[in-house]
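What's counted below: heavy atoms across the whole structure, side chains too, no hydrogens, waters or symmetry copies. A, B, ... follow the sequence lines: proteins, then strands. Residue 1 opens every chain.
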Amino acid sequence: MRIYNTLAGEKEEFIPVTPGQVRMYSCGITAYDHCHIGHARSAIVFDVMRRYIKYRGYDITYIRNFTDIDDKIINRAKQEGIAWDAVAQKYIDEYYRDMDMLGVGRADVEPRATEYIAEMIEIVSGLISKGYAYESEGSVYFEVAKFGGYGKLSKRDLEDMLAGARIEVNERKKNPMDFALWKSSKEGEPAWESPWGPGRPGWHIECSAMSLKHLGVTFDIHGGGADLIFPHHENEIAQSEAFTGKPFVKYWVHNGFITVDKEKMSKSLGNFFTIKDILNKFDSEPVRYFLLSTHYRSPIEFSDEQLKEAEASIDRYYTTVLRTRDFLAQAVTVEKSAPDEKVLEDLLGRFIPGFMEAMDDDFNTALAIGGIFELIRVLNKYMDGKPAGAKASSLINRAQDLLKEAGGVLNIFNRTPEQWYKALMVSKNISLTEADIEAKIADRRKARADKDWTAADLIRKELEEKGIILEDKKDGTGWKVKV
RNA sequence: GGCGACGUACCCAAGUGGCUAAGGGGGAGGUCUGCAAAACCUUUAUUCAGCGGUUCAAAUCCGCUCGUCGCCUCCA
């Protein structure tokens with residue numbers, strides 16, 4: 001496997017610290033507001049990395065944290081007139097609802113910052129005694145000038161950053177770039193006892209404490225959105241490496257942003273879409289597919305148009321699944337090979353190697369999906385040749401298994417066509433029930449038997465206007481939701 | 001100002017030195033069908049923002065130009 005390492009600035013061969021074992025950490029959310037599609041991208045990307053690493057035979061431990069104490073949470077609590085921890089809990093619950101919908105699995109450990117106050121205090125104390133941090137009016141700051149490697153992840157040097165202005169002056173800091181490890185709390189704010197008086201942890205220290213506790217001194221993969229590279233991840237490196245004296249993380253991976261009208265989706269611009277809003281209009285599978293159809297490091301332009309295309313692609317997939325099922329259900333009478341048997345056989349042989357080659361190359365899900373649709377096309381073409389018998393059934397079964405295997409890693413394409421159509425009926429607000437549709441199909445069957453084509457076509461048209469497409473097959477009429 | 005990324009067909013999107021430039025969506029024509037739908041076939045990039053260079057060979061490496069975006073402040 002090759003992984004693009006932000007620290008190295010290039011793809012590197014993946015060699016875990018401990019052979020056969022992978023330890024991975026990704027930055028979760030600060031629980032103070034609804035999650036938007038950008039959070040979904042990050043969560044899905046790391047979910048797929050985790051699934052693939054596991055598929056590749058590694059024993060993986062995956063940690064994803066929740067920041068449950070922070071200025072934004074405190075402000076939100078004031079706004080909503082509820083306790084800060086109630087705010088955190090509310091948005092964590094909501095996060096789980098969103099992620100469950102999107103097929104994002106739970107991490108092995110999902111620590112919350114406030115459960116690790118003691119560990120954080122220990123690190124902060126250690127950093128003070130080692131001379132990397134100083135206390136000032138009840139707060140503790142990390143002195144970046146003392147840490148030689150500062151800037152190595154974000155590729156910038158301290159001098160340039162100081163010259164770059166846009167840094168607020170803070171009387172308590174020795175240097176404007178110094179960052180808070182521990183913040184003294186004002187009266188009425190949540191606070192924990194510490195050697196420096198009542199206060200709360202700074203944002204960055206929690207990830208250092210929780211990863212150290214669960215993954216050890218040096219671990220394999222640390223991920224997050226590209227906007228966390230600086231300052232968050234840079235600061236994590238400084239704290240952790242200053243404290244342990246050992247390398248913090250071997251591979252840093254960062255996902256790209258979602259854009260709207262070419263601009264980064266962000267709270268301040270107000271151009272964001274919450275996961276909830278999107279799932280009101282679209283089923284979750286097209287959303288997940290859409291986010292995986294572009295390489296994780298590239299920007300993705302978000303639009304309804306794109307989601308509709310994703311819907312069409314998924315529909316193509318399930319339509320083919322339905323077709324293979326109809327095919328396998330046919331009574332076998334004779335053994336007949338189709339002209340493209342060899343082509344299909346060849347492709348079946350190299351499908352999984354091709355899938356792995358794509359995923360091994362820095363988790364190229366876009367290429368992997370391309371391979372899936374290549375198989376879909378070849379499979380359809382093969383069935384067009386009207387093969388029959390045991391050999392044909394075995395090839396088609398094999399194709400289905402392989403598609404399921406690849407889909408399992410991406411966690412898409414793993415429903416039945418019926419579940420897909422049902423989901424579409426919900427997301428598209430189809431007013432008909434399945435019984436309504438079946439009744440119309442029965443009416444139309446009668447009309448067709450009487451060769452009353454006008455009446456038959458009228459029923460077809462009527463259903464189409466309500467979003468249902470009829471398909472006449474040899475042994476009856478099927479239906480599907482129009483995408 | 002500093003650092004970085006990107007620019008591939010009508011749209012989305014792989015491909016980063018050498019097999020016919022993946023795949024999806026859309027358009028046009030066709031096969032099939034009572035009509036459709038689905039599927040399949042043909043077609044839609046002699047060319048990868050532009051210019052110049054390196055090389056037997058470049059979308060892929062180097063340089064310049066143009067354009068777009070990001071980080072440098074909380075941010076997935």
Return yes when atom CG of A:D261 has more than 12 non-hydrogen atoms of other residues, nucleotides or ligands closer than 6.0 Å, and no otherwise. no

Inter-nucleotide C1' distance (B:C51, B:G67), Å rounded: 15 Å

Walking RNA chain B from its 5' end, the first of A:R156 and A:K381 to be reached, judged by nearest nucleotide, is A:K381

How many whole angstroms separate atom CZ of A:F257 from atom C1' of B:C69? 10 Å

Nucleotide B:C74, atom P - distance to CG of A:D70 in whole Å: 11 Å

Roughly how many Å is it from CG in A:L458 to P in B:A36, rounded to a whole number? 17 Å

Considering only the C1' atoms, how many Å lie between B:U54 and B:U60, rounded to the nearest integer? 14 Å

Given the P atoms of B:G7 and B:A49, what is the spacing between them in whole Å? 7 Å

Tell which nucleotide pairs with B:U46, taking only Watson-Crick or G-U wobble pairs whose two distances are both under 3.5 angstrom. none

More 5' along RNA chain B: A:T259 or A:S42, using each one's nearest nucleotide? A:T259

Each nucleotide in nucleotides 11-26 of chain B should get exactly one letter: B, S or -. Can you fill that in based on protein heavy atoms under 4.0 Å? BSSSS------BSBS-

B:A22 and B:U47: how far apart are their C1' atoms, nearest whole angstrom? 16 Å

Considering only the P atoms, how many Å lie between B:G1 and B:C64, rounded to the nearest integer? 16 Å

So A:I29, base contact, sugar-phosphate only, or nothing? Heavy-atom distance under 4.0 Å. nothing

Using a heavy-atom cut-off of 4.0 Å across all strands, would you classify A:G225 as base, sugar-phosphate, or nothing? sugar-phosphate

Watson-Crick or G-U wobble partner for B:A39, using a 3.5 Å limit on both distances? B:U31

Who are the salt bridge (charged side-chain N to carboxylate O under 4.0 Å, His left out) partners of A:E94, not counting sequence neighbours? A:K276

If you look at every strand shown and take non-hydrogen atoms under 4.0 Å, does A:K308 touch a base, only sugar-phosphate, or nothing? nothing

A:F147 versus A:I237, closest heavy-atom pair with distance: CZ-O, 4.1 Å

B:G23 pairs with, by Watson-Crick or G-U criteria that keep both distances under 3.5 Å: B:C12

Is A:K404 close enough and on-axis enough to A:F413, meaning under 6.0 Å and within 45°, for cation-pi? no

Watson-Crick or G-U counterpart of B:C75, or none if no pair lies under 3.5 Å: none

From NE2 of A:H254 over to C1' of B:A5, roughly how many Å is that when rounded to an integer? 15 Å

Measure the distance from CG on A:L228 to C1' on B:G4 and round it to the nearest whole Å. 17 Å

With a 3.5 Å limit on both atom pairs, tell me what B:A57 is paired to, counting Watson-Crick and G-U wobble, or say none. none

When only distance counts, do a donor and an acceptor, one from the side chain of A:K264 and one from the base of B:C75, lie under 3.5 Å apart? yes

Side-chain (A:R444) to main-chain (A:A456) donor-acceptor, under 3.5 angstrom: yes

Within the supplied structure, the quantity of interest is the number of heavy atoms (other residues, nucleotides, ligands) at a distance under 6.0 Å from A:Q330 CD; does it exceed 12? yes

Nucleotide B:A5, atom P - distance to CD1 of A:I258 in whole Å: 22 Å

A:Y91 and A:F66 aromatic centres sub-6.0 Å: no

Does a sphere of radius 6.0 Å around CD in A:E357 hold more than 12 heavy atoms from other residues, nucleotides or ligands, not counting ones at 6.0 Å or beyond? no

Distance-only polar pair, side chains of A:S136 and A:K173, donor-acceptor under 3.5 Å: no

Assign A:M265 to base, sugar-phosphate, or nothing according to its heavy-atom contacts below 4.0 angstrom with the strands shown. base

For nucleotides 33-35 of chain B, tabulate all protein N/O to nucleotide N/O atom pairs closer than 3.5 Å, reporting atom names and distance.
{"from": "B:G34", "atom 1": "N7", "to": "A:R448", "atom 2": "NH2", "distance (Å)": "3.4"}
{"from": "B:G34", "atom 1": "O6", "to": "A:R444", "atom 2": "NH2", "distance (Å)": "3.2"}
{"from": "B:G34", "atom 1": "O6", "to": "A:R448", "atom 2": "NE", "distance (Å)": "3.3"}
{"from": "B:G34", "atom 1": "N1", "to": "A:D457", "atom 2": "OD1", "distance (Å)": "2.9"}
{"from": "B:G34", "atom 1": "N2", "to": "A:D457", "atom 2": "OD1", "distance (Å)": "3.2"}
{"from": "B:G34", "atom 1": "N2", "to": "A:D457", "atom 2": "OD2", "distance (Å)": "2.6"}
{"from": "B:C35", "atom 1": "O2", "to": "A:D457", "atom 2": "OD1", "distance (Å)": "3.3"}
{"from": "B:C35", "atom 1": "N3", "to": "A:R460", "atom 2": "NH2", "distance (Å)": "2.5"}
{"from": "B:C35", "atom 1": "N4", "to": "A:R460", "atom 2": "NH2", "distance (Å)": "3.3"}
{"from": "B:C35", "atom 1": "N4", "to": "A:D472", "atom 2": "OD2", "distance (Å)": "2.8"}

Taking the C1' atom in each of B:C61 and B:G18, what is the distance between them to the nearest angstrom? 14 Å

Tell me: CD of A:E10 to P of B:C61, nearest whole Å? 13 Å

Within a radius of less than 6.0 Å around NZ of A:K440, do more than 12 heavy atoms belonging to other residues, nucleotides or ligands occur? no

If we take the C1' atom in both B:A38 and B:U33, what is their distance in whole Å? 11 Å

With sugar-phosphate meaning primed atoms plus P, OP1 and OP2, does A:L470 contact a base, only sugar-phosphate, or nothing at under 4.0 Å between heavy atoms? base

Counting only Watson-Crick pairs (N1-N3 plus N6-O4 or O6-N4) and G-U wobbles (N1-O2, O6-N3), all under 3.5 Å, who is the partner of B:G70? B:C3

Atom CG of A:L463 and atom C1' of B:A37: how far apart are they, to the nearest Å? 13 Å

Minimum-distance nucleotide (side-chain atoms of A:N380 versus B:A37, B:A76, B:C40): B:C40

Flag if over 12 foreign heavy atoms under 6.0 Å of NZ, A:K281: no

Could you tell me how far B:C62 sits from B:A58 if I compare only their C1' atoms? Round to whole Å. 11 Å

When you measure from the side chain of A:D362 to the backbone of A:Y4, do you find a donor-acceptor pair of N or O atoms at a distance under 3.5 Å? yes

